[in-house]
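Every chain is numbered from 1 and lettered A, B, ... according to where its sequence line falls, protein lines coming before strand lines.
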Amino acid sequence: MLEQDDKYHALRHSAAHIMASAVCKLYPDTKFGIGPVITDGFYYDFVLDKRLSETDLEEIEKIMQQEIDQNLSFEKLIITRSEALDLFSEQPFKLEIIEEIDKNEDISIYEHGGFQDLCAGPHVDSSKDVKAFKLLSVAGAYWRGDEKRPMMQRIYGTAFDSVKLLDNHLELIEEAKKRDHRVLGKELDLFFMDPIAPASPFFLPKGTIIYNELINYVRELYHQYEYQEVITPQIFSTDLWKQSGHYDNYKDNMYFVLAEDREFGIKPMNCPAHAVLYKSGLRSYRELPFRVADFGRLHRFERSGVVQGLTRVRPFSQDDAHIFCTIDQVDHEIDSLIAMFKQTYDIFNFNDVRIALSLRPDKRVGDEEMWDKAESKLQKCLEDNNINFKAFPGEGAFYGPKVDFFVPDALGREWQLGTIQLDFSLPERFDLEYVNEDGQRSRPVMVHRAMLGSLERFMGVLIEHFAGSMPPWLSPSQVLIIPIADRHLDKALELKSKLAKVNIRTEIDSRNERMNSKIREGQMNKTPYMVILGDKEIESEVVSVRLRTGENLQSISVEEFITGIKDKIDKRAIELW
RNA sequence: GCCCACAUAGCUCAGUGGUAGAGCACGUUCUUGGUAAGAACGAGGUCAUCGGUUCAAGUCCGAUUGUGGGCUCCA
């Protein structure tokens, strides 16, 4: 990816200049922001009176093409600071950038066809080198990403050195749209949204199967890794949120209700509830690490502009757990978390997991010694497990350092799934204690951890990852029985009940339709296994199996079929046979 | 919350001021079939909501709600 970025950097940046130049020709009063290269393209931010919409892009493209055809050369000029200030005197955003450039550094501008822009470069030699480009969308963007600063208009585009590569890229975008979980969710009857509950999915029976299978899987791991699952309240007195700090720091994202003149907050996180649970009795060091898991439903108010499909919703559940332990037990806990995460991401075939270690921020609680210890522990655990990670100083939570696991989706967007966060603050706020070996009271550390994160979001990412073709264990309908004619229906029912006995989810397509049509239906629903039942099969007591891949198995015995798919399901395999 | 776009049948969409359409899905009937769509017929709409302009609004204007693309936030 990086190599490709480098390869196209000059090209795309030059395309951005050409676009800016075109916008300038159309709207001479435009004030220019910045126009950087991004993954797969570029953008440029403008302030202009005209409100741009996507229909304006064609006109801009036309002028860009003219400039490209004119074979204009890109010239680099080094100018003095005062020349620069003079040259961009009408461009407030450029002036701001100039002010920020190191006094000892050269100021360079690039010029093509009379359009000059403050720019470090590099650029291609000639506008003609931009062989293929396309403007993709317009969007609003704050100057410097700051909500308090002016709203600018941003145009996104992309450029390649051949039309063919551009077309490939545009096709990829189309492909990605097809595997969008919102589209597939509707096509496969997994979930839907209704304006009556904005940003809140309704999971249909099929989607609920996937959701619950994910929970079943995590529960198995909890057994394996010795967690204890709990169920905690949904609504808590505001007193709790004041004590936890959420009332001060997270209030805007919370829902509140009034009852008997008392204010209650609906939980956006489980941690305070688990702190209360921890405190419900006096704990001994013998009980630690105390691992508490909770699939409790959480509600977070997200502003209407930020919600998105399943990946950003208001109500959701997490595979959430908190580990209360001593600081010396942290190593072991992290090790076993890394093992658990790895085991899990392998199951879903997530190979490109990116791992970030976020270190102490400026605003933080706890003493330096604590942070030193915690950070070095996290770092060492990652290294000992041969994990590639990048450290991000200053990015940690105020209550402790954390390790985040990111996975890219079909559109190349990265989603944070797993997270491991050390917390020194909450044990303090809730005055959590345990009795140590010497009979003294000590303060435990709290580890917040989630592996799949929000199950809603995870499901969305999974749908895109597999393009809707879920592994058999997650498929809502695992086997579709297709009787060829009505007279085969009895045998179909017989087979279905056989499969039901071993917990294989089976449907029979008994519609008055031709076999071809039923197969097509099964394919479109991405059912992994289809069983065709006709005279031949019934006579020789076999089944003929068609896989979702289009592959046909030889006629096999029912027993062989059941053993085969049961094995794949139990192993949570991705391959079908 | 901010900028832009969109909202028509269950779904995907066409409909550029003058009587609301298609394909798929759905229902009924015929057909009983061999590895990705058998045929005929039928039902289905307060064009998101509210207000305005006009002789006349799905169509133009405004507001509201929702959705999408971004920005921002993500203790």
Whole-angstrom distance between [N] and [M], as gauged at atom [atom1]:
N      : M      : atom1 : result
C50(B) : G15(B) : P     : 25 Å
G44(B) : U28(B) : C1'   : 15 Å
C55(B) : G68(B) : C1'   : 38 Å
G51(B) : U65(B) : C1'   : 15 Å
G58(B) : A9(B)  : P     : 15 Å
A48(B) : C6(B)  : P     : 13 Å
G45(B) : A22(B) : P     : 14 Å
U19(B) : U59(B) : P     : 14 Å

### Query
Can you check whether S137(A) has a side-chain N or O nearer than 4.0 Å to OP1 or OP2 of C4(B)?
no
### Message
Is R154(A) close enough to G70(B) that one of its side-chain N or O atoms is under 4.0 Å from OP1 or OP2 there?
### Response
no
Would you be so kind as to tabulate the donor-acceptor pairs closer than 3.5 Å made by side chains of residues 478-485 of chain A, with sequence neighbours excluded?
from: Q478(A); atom 1: OE1; to: R505(A); atom 2: N; distance (Å): 2.8
from: Q478(A); atom 1: NE2; to: P472(A); atom 2: O; distance (Å): 3.0

Is there a Watson-Crick or G-U wobble partner for [N] with both distances under 3.5 Å, and if so, which one is it?
N      : value
A20(B) : none
G42(B) : C26(B)
G33(B) : none
C6(B)  : G66(B)
C73(B) : none
G58(B) : none

Measure all distances between protein nitrogen or oxygen atoms and nitrogen or oxygen atoms of nucleotides 73-75 of chain B, and list the pairs falling under 3.5 Å.
from: C73(B); atom 1: O2; to: R312(A); atom 2: NH2; distance (Å): 3.3
from: A75(B); atom 1: O2'; to: N249(A); atom 2: O; distance (Å): 3.0
from: A75(B); atom 1: N1; to: S244(A); atom 2: O; distance (Å): 3.1

Does [X] have its ring centroid less than 6.0 Å away from the ring centroid of [Y]?
X       : Y       : value
F191(A) : F202(A) : no
F405(A) : F341(A) : yes
W143(A) : F93(A)  : yes
H448(A) : Y399(A) : yes
Y44(A)  : F42(A)  : no

## Note on the structure
Residues in residues 536-545 of chain A with a heavy atom under 4.0 Å of RNA chain B, by number, are K536(A), E537(A), S544(A)
### Summary
What residues 186-199 of chain A contributes to the RNA chain B interface at heavy-atom separation below 4.0 Å is K186(A), P195(A), P198(A), A199(A)
### Query
Does Y142(A) get its side chain close enough to the base of G70(B), under 3.5 Å, for a donor-acceptor pair?
no
#### Entry: Residues T311(A), R457(A); criterion side chain to side chain donor-acceptor pair (under 3.5 Å); working and verdict
CA-CA 4 Å; T311(A) 50; R457(A) 168 197 283 183; over 6 Å; no
### Note: R144(A)-D146(A) ion pair, threshold 4.0 Å (strictly below)
no
### Task
Answer yes or no: is there an ion pair linking E456(A) with R297(A), defined by an N-O contact shorter than 4.0 Å?
yes
What contact category does [X] fall into here, base, sugar-phosphate, or nothing, at under 4.0 angstrom with non-hydrogen atoms?
X       : result
G400(A) : nothing
Q153(A) : nothing
D535(A) : base
A139(A) : base
L136(A) : nothing

Determine, for [Y] and [X], whether the Lys NZ or Arg CZ falls below 6.0 Å from the six-membered ring centre while staying within 45 degrees of the axis.
X       : Y       : answer
R12(A)  : F160(A) : yes
K242(A) : Y247(A) : yes
R364(A) : F398(A) : no
R149(A) : Y142(A) : no

### Query
Which of these passes side chain to side chain contact (heavy atoms under 4.5 Å, CB included) with H299(A): V313(A), N253(A), I266(A), I235(A)?
I266(A)
### Query
Say you draw a straight line from CZ of F324(A) to CZ of R443(A); how long is it, rounded to the nearest 0.5 Å?
12.5 Å
Set out, line by line, the N/O atom pairs under 3.5 Å between protein and nucleotides 38-47 of chain B.
from: G38(B); atom 1: OP1; to: E513(A); atom 2: OE1; distance (Å): 3.4
from: G38(B); atom 1: OP2; to: R514(A); atom 2: NH1; distance (Å): 3.4
from: G38(B); atom 1: O4'; to: R514(A); atom 2: NH1; distance (Å): 3.2

#### Entry: Whole angstrom value for the distance that separates C1' of C4(B) from CG of D56(A)
11 Å
#### Entry: Closest-nucleotide 5' rank along RNA chain B - winner of S200(A) and R487(A)
R487(A)
### Query
In terms of the nearest nucleotide of RNA chain B, which residue is placed more toward the 5' end: Y156(A) or R546(A)?
R546(A)
### Task
Apply salt bridge (Lys or Arg N to Asp or Glu O under 4.0 Å) to R312(A) and list each qualifying residue two or more places apart in sequence or on a separate chain.
E302(A)
